[in-house]
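Note that the structure is predicted; figures quoted are calculated from it, not measured.
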4 protein chains.
Amino acid sequence: MRREPSQERSRATVDRILGAARTVLAERGYDGAGTNRIAAAAGVGPGTVYQYFEDKDAILDRVLEQVSEDLEARILRAFLGTLHHEHDTVRANVEMLLDALTAEPGLVRALAEHAPRTLGSRRRGFAQRVDQLVAGTLLAQHRDESARVETVAWMLVRVAEHVTISWVLEAPDVPRETLVEELSAMIGGYLARLGVPAAD
Amino acid sequence: MRREPSQERSRATVDRILGAARTVLAERGYDGAGTNRIAAAAGVGPGTVYQYFEDKDAILDRVLEQVSEDLEARILRAFLGTLHHEHDTVRANVEMLLDALTAEPGLVRALAEHAPRTLGSRRRGFAQRVDQLVAGTLLAQHRDESARVETVAWMLVRVAEHVTISWVLEAPDVPRETLVEELSAMIGGYLARLGVPAAD
Amino acid sequence: MRREPSQERSRATVDRILGAARTVLAERGYDGAGTNRIAAAAGVGPGTVYQYFEDKDAILDRVLEQVSEDLEARILRAFLGTLHHEHDTVRANVEMLLDALTAEPGLVRALAEHAPRTLGSRRRGFAQRVDQLVAGTLLAQHRDESARVETVAWMLVRVAEHVTISWVLEAPDVPRETLVEELSAMIGGYLARLGVPAAD
Amino acid sequence: MRREPSQERSRATVDRILGAARTVLAERGYDGAGTNRIAAAAGVGPGTVYQYFEDKDAILDRVLEQVSEDLEARILRAFLGTLHHEHDTVRANVEMLLDALTAEPGLVRALAEHAPRTLGSRRRGFAQRVDQLVAGTLLAQHRDESARVETVAWMLVRVAEHVTISWVLEAPDVPRETLVEELSAMIGGYLARLGVPAAD
DNA sequence: AATGAATGAGACTTCATTCAT
DNA sequence: GATGAATGAAGTCTCATTCAT
């Protein structure tokens with residue numbers, strides 16, 4: 001008569017809650033993600049949720065953090081991959097960004113929906129890390145003007161992020177190929193001014 | 001000295017309610033803008049609100065619409081004004097955009113916070129009108145390639161809008177002057193590719 | 001420059017309010033008859049209603065009283081008329097009762113709907129007057145057993161009233177002619193036991 | 001000594017809510033039976049009520065249904081019991097009906113008060129089942145004229161129901177014994193015409 | 001560790017009534 | 001006498017959170 005190790009069970013429960021929260025968030029949006037619904041989707045009682053999370057926001061913050069990290073990891077991997085390419089790094093990255101964001105539109109929407117509520121308070125980790133990653137890459141390719149590089153990175157991240165997100169959420173009458181073309185052109189042109197070879 | 005017409009009183013009350021809603025929205029965000037709080041801020045009873053608005057969303061929709069229109073009017077006026085300038089139209093527009101968005105950051109945040117919830121359903125009027133305005137202007141300066149012009153306009157609006165909004169909401173460590181410089185450079189460079197003289 | 005005599009104007013206003021209340025009551029039932037709706041239907045302001053009526057119930061009580069009196073008058077007239085007939089008085093009265101109740105089903109429903117709420121408190125005038133009328137008629141035809149006569153009258157009124165009202169409200173699968181036949185038979189048979197000639 | 005099963009606790013709570021609703025309904029009528037009052041009377045929070053009932057009407061519908069069923073069961077049992085009697089079945093049934101209706105006058109009032117609001121839409125089950133029961137019994141005693149039998153049953157049920165209910169609610173100056181006498185006479189006389197032996 | 005019944009503050013909304021004009 | 005804007009108590013319902021088991 002062996003009882004399952006408690007640590008392992010706890011871990012499994014937390015995972016189920018987070019997984020359920022992620023699903024609910026993707027399907028019903030931020031305001032539709034109530035604690036009771038999450039608990040039900042996880043197959044646990046409402047009380048169980050509070051064994052592992054301070055309050056409702058703690059759950060969703062964690063999920064959003066996780067979503068961010070998933071995106072970040074994916075983007076980072078792809079980003080680093082493009083550095084080996086001989087040309088059209090920018091375009092490859094835009095493509096990759098669109099792939100990442102189109103994979104789970106519901107979560108992207110939840111992320112976009114929730115972001116303005118917490119900006120200035122907490123959960124800015126994701127964006128900052130991406131900022132630094134991009135800044136670092138730019139710096140590696142173009143050593144001087146380090147001060148300006150941070151601003152450029154900040155701008156690039158916002159432009160790439162919001163144009164692609166808007167395209168996903170608004171579903172405007174613009175083909176993906178056209179979007180890639182134009183966004184790459186804009187970013188490429190901008191980078192060219194920085195002294196970075198446009199097509200690399 | 002005639003008695004105050006009842007129409008006028010009603011009008012005044014509606015204005016107080018809308019004004020209060022605007023204030024509450026700016027100070028406490030979309031979810032913090034409850035009917036009771038709005039009524040209290042307006043100095044009227046909860047019931048009064050329902051003499052003039054169908055329900056809670058009707059109030060906030062109206063306020064958001066109003067905020068959008070105020071921004072639109074301001075941007076439109078400034079945008080048209082810049083057309084007379086001999087050079088640096090882009091920069092002037094970026095400046096103007098920042099002025100408009102910095103005036104009431106709370107409302108801009110509320111707008112950004114609520115937008116993703118309704119995207120795809122209703123209230124896309126503001127963005128669409130701006131898209132068309134920009135497209136029209138581009139077309140006036142550069143007659144051919146009309147198909148591409150719409151995509152370009154769509155991109156420009158998103159880039160200008162989100163970069164400035166992000167700067168307002170995130171308050172990053174980037175001076176305003178630098179932002180204006182960089183954003184103008186990016187947009188100017190992009191427009192140059194379209195065949196539009198970059199600095200006019 | 002003559003101003004309309006105030007008494008007359010007042011009277012007209014009261015009539016419009018009562019008429020509107022009657023209409024609203026017939027169309028939307030007791031719970032749907034709100035003061036604001038009545039005022040609107042009467043083409044007056046809500047405040048005006050309170051110049052003439054203590055409160056909401058005062059209006060509806062008055063309307064219901066009026067409806068009762070209309071029915072009573074109609075029934076009384078017909079009832080007295082049947083006394084001259086040589087036979088089948090009962091049947092003639094049942095017919096007449098159905099005519100009266102089918103004329104305005106909405107109001108009959110409102111009456112039936114509201115009756116149980118006030119029974120035991122107020123507004124029993126109508127039923128009592130009808131009771132006495134019937135008792136008087138029975139007494140005129142059958143002098144002795146006066147004590148029993150009151151009970152018989154009470155029963156007759158309830159039976160005639162509720163069977164016809166149920167038929168109007170429930171709209172069961174029973175033709176009117178059949179109902180008249182059966183109800184007359186029941187009442188006639190009952191009266192026969194009292195010593196009153198069944199067909200008179 | 002095992003822990004109280006959760007099902008049992010839920011069941012107990014539902015029972016307390018229904019019991020409280022029944023009490024409130026009896027004491028304050030349909031319109032006085034608010035969710036908060038019911039919850040308070042049940043000794044639970046307002047939210048608890050909504051764990052078990054869709055909305056306010058669901059509670060009251062359930063209670064009224066229950067009251068109807070209680071009455072039906074009681075009436076049915078007594079009705080069947082009288083079939084064995086050698087004579088005066090009718091009188092015995094009238095007595096029984098009065099017993100049933102006098103037991104909880106407040107609930108009978110609530111039932112009578114609410115019935116006209118829903119007539120023609122839903123919840124006519126009780127009356128219909130009684131109609132059929134009576135029709136069936138009549139048919140068993142008097143095989144032919146089956147068409148007429150349904151009308152007769154419908155009439156009998158309304159007469160018995162409304163005369164007794166009126167007597168309970170109006171509390172007129174008629175002794176119970178007299179009422180029984182007269183009502184039995186009326187029904188008995190009517191049945192005699194149908195070919196059913198009057199006193200059996 | 002897990003449960004899930006229970007909570008209760010607070011949200012939105014209605015409507016009979018009042019009162020300054 | 002009439003108005004109708006304003007009121008505010010009270011009603012229904014939700015949902016993040018707690019706690020006895």
Study note, to complete from the structure: Heavy atoms of A/V24 and A/A33 approach each other most closely as CG1-CA, 3.7 Å
Point to revise | Interatomic distance where CG belongs to D/D15 and C1' belongs to E/dA5 [whole Å] | key: 15 Å
**Study point:** Heavy-atom pair with the smallest gap, counting every atom of D/D31 and C/D31
**Key:** OD2-OD1, 4.0 Å
Practice item. Would you check, one step at a time, whether the test side chain to side chain contact (heavy atoms under 4.5 Å, CB included) holds for A/R22 with A/D70? Key: CA-CA 12 Å; A/R22 194 172 175 136; A/D70 288 355; 2.9 Å; yes
Study note, to complete from the structure: Between B/Y50 and D/G47, the residue closer to the 5' end of DNA chain E by nearest nucleotide is D/G47
**Study point:** Intra- and interstrand pairs of DNA chain E - dot-bracket, Watson-Crick/G-U under 3.5 Å, | marks other strand
**Key:** .||||||||||||||||||||
Practice item. State which of F/dG1, F/dT17, F/dA9 makes the closest approach to the side chain of B/P46. Key: F/dA9
Check your understanding: Given that C/Y52 and A/K56 both sit by DNA chain F, which one's nearest nucleotide is further toward the 5' end?
Key -> C/Y52
Point to revise | Below 4.0 Å: OP1/OP2 of E/dA2 and any side-chain N or O of A/T13 | key: yes
Exercise for review: Please state how far atom CG in C/D31 lies from atom P in E/dT14, giving the value in whole angstrom units.
Suggested key: 16 Å
Practice item. Could you tell me whether a side-chain N or O of C/R62 sits under 3.5 Å from a main-chain N or O of C/L18, the two making a donor and an acceptor? Key: no
**Study point:** Distance-minimising heavy-atom pair for A/S10 and A/Y52
**Key:** OG-OH, 3.3 Å
Practice item. Using the side chain to side chain contact (heavy atoms under 4.5 Å, CB included) rule, take A/L71 and A/L111 through it: C-alpha gap first, then chi angles, then the decisive distance, then the call. Key: CA-CA 11 Å; A/L71 283 177; A/L111 212 48; 4.1 Å; yes
Exercise for review: Under 4.0 Å between any heavy atoms, over every strand shown, what does C/F53 touch: base, sugar-phosphate, or nothing? Just pick one.
Suggested key: nothing
Practice item. Report the residue (A/E54 or D/D55) whose heavy-atom-nearest nucleotide on DNA chain F is the more 5′ of the two. Key: D/D55
Review point. Using a heavy-atom distance cut-off of less than 4.0 Å, which residues of residues 33-45 of chain C contact DNA chain E?
Key: C/G34, C/T35, C/N36
Study note, to complete from the structure: C/R16 atom CZ is separated from F/dG1 atom C1', nearest whole Å, by 13 Å
Revision key, fill the gap. Taking every heavy atom of A/A21 against every heavy atom of A/I59, the minimum-distance pair comes out as CB-CG2, 3.9 Å
Revision key, fill the gap. Across all chains, not counting sequence neighbours, the ring-ring contact (aromatic ring centres under 6.0 Å, His included) partners of C/Y30 are C/H114
Practice item. Check whether the side chain of D/Q51 and the base of E/dA5 form a donor-acceptor pair under 3.5 Å. Key: no
**Study point:** Contact summary for B/L169 and B/P105, nearest pair of heavy atoms
**Key:** CD2-O, 4.2 Å
Practice item. Verify the contact: side-chain N or O of A/T48 to OP1 or OP2 of E/dT3, cut-off strictly under 4.0 Å; return yes or no. Key: yes
Review point. Over how many whole Å does the gap from A/I59 atom CD1 to F/dT17 atom C1' extend?
Key: 11 Å
